[in-house]
Amino acid sequence: MPSGQRAQWKGFLKFGEVSCGVALYTAASTSERITFNTINKATGNRVNRIFIDSETEDPVPKEAQTKGFEIENGQYIIIDPEEISAAIPESNKTLEIEAFIPCSDVDDIYFDKPYYLTPDRMGGDAFAALRDAMKKSMVAAIARTVLFRRMRTVLIRPHGKGLIASTLNYDYEVRSSEKAFEEMPKLKIQGEMLDLAKHIISTKKGEFDPATFDDRYEAALADLVKAKLEGRSLPKPKKVQVSKPNDLLAALRESAGMMKAADDKPKRTAANANQGTGRQRAARGVASKAAPSGAAPRRKAS
């Protein structure tokens, strides 16, 4: 059980006639992102959200609100929240494995949210047996259960000492790629242009290391907050110049030359990469400016 982290779901993992108690913990979270509140410019106070009637524009209190499904423009079927609750599939709190499949069988476009799947104290042996057997067989597991008030399909894969359970999008939720690319012209790149593109790729090969990725948007927000606290403005970003078709070959030649020169420069080491992301470094600067000694407890930048 992760220290200080609350389980999002607790139940049982069943494969064949074997079952063990398990828990799901959030594997990815946005809680560390900088957030903002909506403020009244005139008073500096936070603005509260109020629901109003679209026709009368009168405020509608919570006890007078219900749900509705639009059947045509402005016409709704009223459905009470109690009716919605009654329609939710009954949960037996069991992740029942239906099949084991090759890990490569699932296109990652179907991946929704990842969760760490951990055993309880009494089910460690069964959990470890499943984990190790899946590792050796190089397979993932498809399971189904009611999660967060919905019937969900879950892909389970070995991950370190435990398992990763990723909820999957339904087929109707994934849009067709054919429509996305239907207006793309049929082009066949060859000759020097293709060779230069392949050369640039070969000089930029590396390894996947999330610790080296900077969230530039979060870093920019942190810099903005810090600049506001210090009473200064940030320089305007430079516009990105998009390569024109007739300039593409020249741009590829220039890029290939730049890549060759970059190979001679020392690369950023893993130790430097682990010093923290740009956002974390900038946020530390914000925190030091926003919370002088002896001040009241610092509010989140919002």
Side-chain angles (χ1 to χ4, degrees), residues 1-11 13 21-40 44-51 62 88 91 93 95 108-120 145-170 173 208-230 234 270 272-293 295-302:
M1 181 183 298
S3 177
Q5 190 175 348
R6 185 173 63 87
Q8 298 292 312
W9 179 89
K10 288 186 177 182
L13 177 63
V22 292
L24 289 177
Y25 293 87
T26 302
S29 172
T30 60
S31 62
E32 294 301 313
R33 289 180 180 173
I34 292 176
T35 57
F36 296 97
N37 293 319
T38 302
I39 303 298
N40 183 340
N45 298 327
R46 182 174 175 175
V47 174
N48 292 326
R49 180 178 297 174
I50 299 175
F51 289 90
K62 187 174 182 179
I88 295 172
S91 174
K93 291 289 185 179
L95 264 171
D108 58 10
I109 197 172
Y110 286 93
F111 286 12
D112 180 29
K113 293 182 179 179
Y115 297 88
Y116 294 123
L117 185 61
T118 66
D120 65 15
T145 193
V146 175
L147 287 177
F148 319 124
R149 297 166 64 86
R150 287 191 63 192
M151 177 62 74
R152 301 304 303 258
T153 303
V154 178
L155 182 72
I156 301 173
R157 295 166 291 163
H159 185 83
K161 294 181 179 179
L163 298 170
I164 285 283
S166 298
T167 52
L168 298 179
N169 293 315
Y170 286 106
E173 295 175 309
F208 178 70
D209 182 4
T212 64
F213 299 157
D214 291 340
D215 188 336
R216 296 184 181 181
Y217 177 71
E218 285 292 300
L221 288 182
D223 287 343
L224 175 60
V225 174
K226 184 178 179 183
K228 286 281 187 178
L229 288 169
E230 296 174 347
L234 291 173
N272 289 335
N274 291 330
Q275 293 299 315
T277 64
R279 185 255 174 177
Q280 290 170 331
R281 293 191 295 272
R284 284 196 290 269
V286 172
S288 64
K289 293 286 183 181
S293 58
R298 179 171 61 88
R299 293 179 62 189
K300 193 171 185 179
S302 52

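Computed over heavy atoms, backbone and side chain alike; hydrogens, waters and symmetry mates excluded.
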Which is it for Leu221 and Phe36 under the side chain to side chain contact (heavy atoms under 4.5 Å, CB included) test, yes or no, and what are the steps along the way? CA-CA 10 Å; Leu221 288 182; Phe36 296 97; 3.9 Å; yes

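Nearest heavy atom pair, residue Leu24 against residue Ala165, reads CD2-CB, 3.8 Å. Across every non-hydrogen atom of Arg152 and Leu168, the tightest pair is NH2-O, 3.5 Å. Of all non-hydrogen atoms in Trp9 and Phe148, the two that sit nearest each other are CB-CE2, 4.4 Å.
Note that CD of Glu218 is 11.5 Å distant from CG of Asp223, once rounded to the nearest 0.5 Å. In this structure, Asp112 CG and Thr153 OG1 are separated by 11.0 Å, a value rounded to the nearest 0.5 Å. For the atom pair OH of Tyr116 and CG of Leu163, the computed distance is 12.5 Å after rounding to the nearest 0.5 Å. Atom CZ of Arg46 is separated from atom CG of Asn40 by 13.5 Å, given to the nearest 0.5 angstrom. The line from CG of Asn37 to CG of Asn45 is 12.0 Å long, rounded to the nearest 0.5 Å. Rounded to the nearest 0.5 Å, atoms CD1 (Ile164) and CZ (Arg157) are 6.5 Å apart.
Residue Lys93 qualifies as enclosed at atom NZ: its count of foreign heavy atoms under 6.0 Å is above 12.
At least one side-chain heavy atom of Leu13 sits less than 4.5 Å from a side-chain heavy atom of Ile156.
Judged by distance alone, with hydrogens and angles left aside, the side-chain atoms of Gln5 form a donor-acceptor pair with the main-chain N or O of Thr26 at under 3.5 Å.
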